[in-house]
Amino acid sequence: MPELPEVETIANGLRQGGFGCPSILNRRIEGVRLFWERTLATPSPEEFHRRVIGQTITAVGRRGKYLLLTLMPDSLIFHLRMSGDLILEPVDAPIPLHHRLLLDLQGGIRLAFNDTRKFGRAWLVLDPGQVLNGLGPEPFDPVLTPVVFHDNLLRSHRQLKPLLLNQAFLAGLGNIYTDEALFLARLHPLTSSRDLSPLQAEVLLASIRQVLQEGIQHHGASIDWVYRGGDFQNHFRVYQRTGQPCQICSTPVQRTVVGQRATHYCPNCQNNPQKV
DNA sequence: ACGAGCGCCTGTCGGC
DNA sequence: TGCCGACAGGCGCTCG
């Protein structure tokens with residue numbers, strides 16, 4: 001589920017508190033409960049337990065789709081994958097079925113990693129780079145200018161859809177926001193990245209930033225049972241709108257599969273490069 | 001260097 | 001009603 005806007009929303013909530021929950025900042029970790037061992041990518045459960053207890057959460061951050069808790073001296077990093085979520089609740093609340101890891105915090109609250117599908121992972125590391133080093137640029141990083149982005153596109157020479165999903169190319173996009181960005185930019189998902197003009201690259205970068213910004217403003221998207229709060233799902237232009245009219249030209253939105261991922265686009269507004 | 005296929009998991013939905 | 005396959009926001013691995 002969670003792409004950049006959803007992770008950003010969760011990070012903001014943990015940092016600032018809200019929805020009846022306090023902030024987790026400056027709270028000491030007093031206890032650990034692990035219910036699914038594979039949730040912990042590293043270190044071993046025994047070492048995790050020994051190292052993490054007593055450390056204090058000094059910052060909450062995000063890099064791509066990763067959520068970072070800065071402790072002292074370690075960093076605790078989460079990837080939510082398809083169904084993960086981080087929830088604050090009273091330390092003695094009943095434990096729901098899909099809770100995988102609990103951190104009991106100072107002040108009678110606990111941070112729960114809930115993950116129905118068990119794909120999510122947590123890392124406790126001294127150097128966050130150990131986990132994050134392979135990531136591409138942050139979409140909002142000012143260093144990522146249209147010229148740099150265009151250069152990167154030319155160097156890759158792949159179809160836009162799988163390229164934008166590649167976290168080593170750009171960190172944070174998932175299936176929803178990629179489809180939305182390509183629609184906004186009026187680019188077909190199969191377009192080869194090396195065919196983009198400087199102007200098209202600039203428009204694509206602006207479109208990516210726009211859909212991510214909209215997602216953040218709407219507190220992310222809530223689909224199915226997984227997400228509380230966000231309502232960006234009510235503002236999708238193409239994602240999961242198969243057969244419904246394109247908001248620009250009324251042509252039915254089409255669904256296809258690209259790189260084994262469902263892909264939604266307007267066959268009229270987003271020209272198929274293979275037909276040109 | 002790339003894409004396809006698969007594994008990791010659980011839950012929901014539609015068709016028969 | 002019940003069973004069965006397809007599908008779901010992700011990503012790492014192997015293989016050709």
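Residue numbering restarts at 1 for every chain, and letters A, B, ... go by the order of the sequence lines.
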Quick one: label A:R121 by what it contacts on the DNA or RNA (base, sugar-phosphate, nothing), any heavy atom closer than 4.0 Å. nothing
Using nucleotides 3-7 of chain B, report all nitrogen or oxygen pairs with the protein that are shorter than 3.5 Å.
{"unit_1": "B:dG3", "atom_1": "OP2", "unit_2": "A:R158", "atom_2": "NE", "d": "2.6"}
{"unit_1": "B:dG3", "atom_1": "OP2", "unit_2": "A:R158", "atom_2": "NH2", "d": "2.4"}
{"unit_1": "B:dG5", "atom_1": "N7", "unit_2": "A:Q260", "atom_2": "NE2", "d": "2.7"}

Cluster membership besides A:L199, Ile/Leu/Val/Met/Phe/Trp/Tyr side chains within less than 4.5 angstrom, sorted by chain and number, is A:V203
Look at the side chain of A:R100 and decide which nucleotide, out of B:dC9, C:dG9, B:dT10, has an atom nearest to it. B:dT10
Give me the distance, rounded to whole Å, that separates C:dG5 from B:dC6 when you measure between the P atoms they each carry. 15 Å
Distance below 4.0 Å between A:H98 side-chain N/O and B:dG11 OP1 or OP2: yes
What's the separation between atom CG in A:L187 and atom CG in A:L190, rounded to the nearest 0.5 Å? 11.5 Å
For A:F119 and B:dC8, is the gap between ring centres under 5.5 Å while the planes differ by less than 30°? yes
Checking A:H264 against A:D179: is there a side-chain donor and acceptor pair closer than 3.5 Å? yes
Who pairs with A:H79 by side-chain contact (heavy atoms from CB on, under 4.5 Å), at least two apart in sequence or on another chain? A:K65, A:Y66, A:R81, A:W123
Which atom names give the shortest non-hydrogen contact between A:L126 and A:R51, and what distance separates them? N-NH2, 4.0 Å
Proximity of A:F113 and A:H99 rings by center, below 6.0 Å: no
Just call it for A:Y177: base, sugar-phosphate, or nothing, with non-hydrogen atoms closer than 4.0 Å on any strand. nothing
Looking at B:dT10, B:dG11, C:dC11, which one has an atom nearest to any side-chain atom of A:L97? B:dG11
With rounding to the closest Å, how many angstrom separate the P atoms on B:dG5 and C:dC7? 14 Å
Taking only N and O in the side chain of A:H79, is any of them less than 4.0 Å away from OP1 or OP2 of C:dC11? yes
Between A:R255 and C:dA8, does any side-chain N or O lie under 4.0 Å from OP1 or OP2? yes
If one requires at least 3 consecutive Watson-Crick or G-U pairs with distances under 3.5 Å, the stems of DNA chain C turn out to be B:2-8 with C:10-16, B:10-16 with C:2-8
Does A:R261 have any salt bridge (Lys or Arg N to Asp or Glu O under 4.0 Å) partners at least two apart in sequence or in another chain, and if so, which? none
Looking only at side-chain atoms of A:A262, point me to the closest of C:dC11, C:dG9, B:dC9. C:dG9
Any A:K118 side-chain nitrogen or oxygen under 4.0 Å from OP1 or OP2 of B:dC8: no
Quick one: side-chain contact (heavy atoms from CB on, under 4.5 Å) partners of A:S156, sequence neighbours excluded? A:L163, A:F169, A:S193
Nearest-nucleotide pick for A:M82, side chain only, options being B:dC9, C:dC11, C:dG9: C:dG9
Between A:K65 and C:dC11, is there a side-chain N or O to OP1/OP2 distance below 4.0 Å? yes
Would A:E6 and A:Y177 count as a side-chain hydrogen bond (donor to acceptor under 3.5 Å, both in side chains) here? Give the steps. CA-CA 11 Å; A:E6 288 76 29; A:Y177 293 90; 2.8 Å; yes
A:E3, nearest nucleotide to its side chain (from B:dG11, B:dC9, C:dG10): C:dG10
Whether A:R38 contacts B:dC9 is assessed here as follows: a side-chain N or O lying under 4.0 Å from the phosphate OP1 or OP2. Is that the case? yes
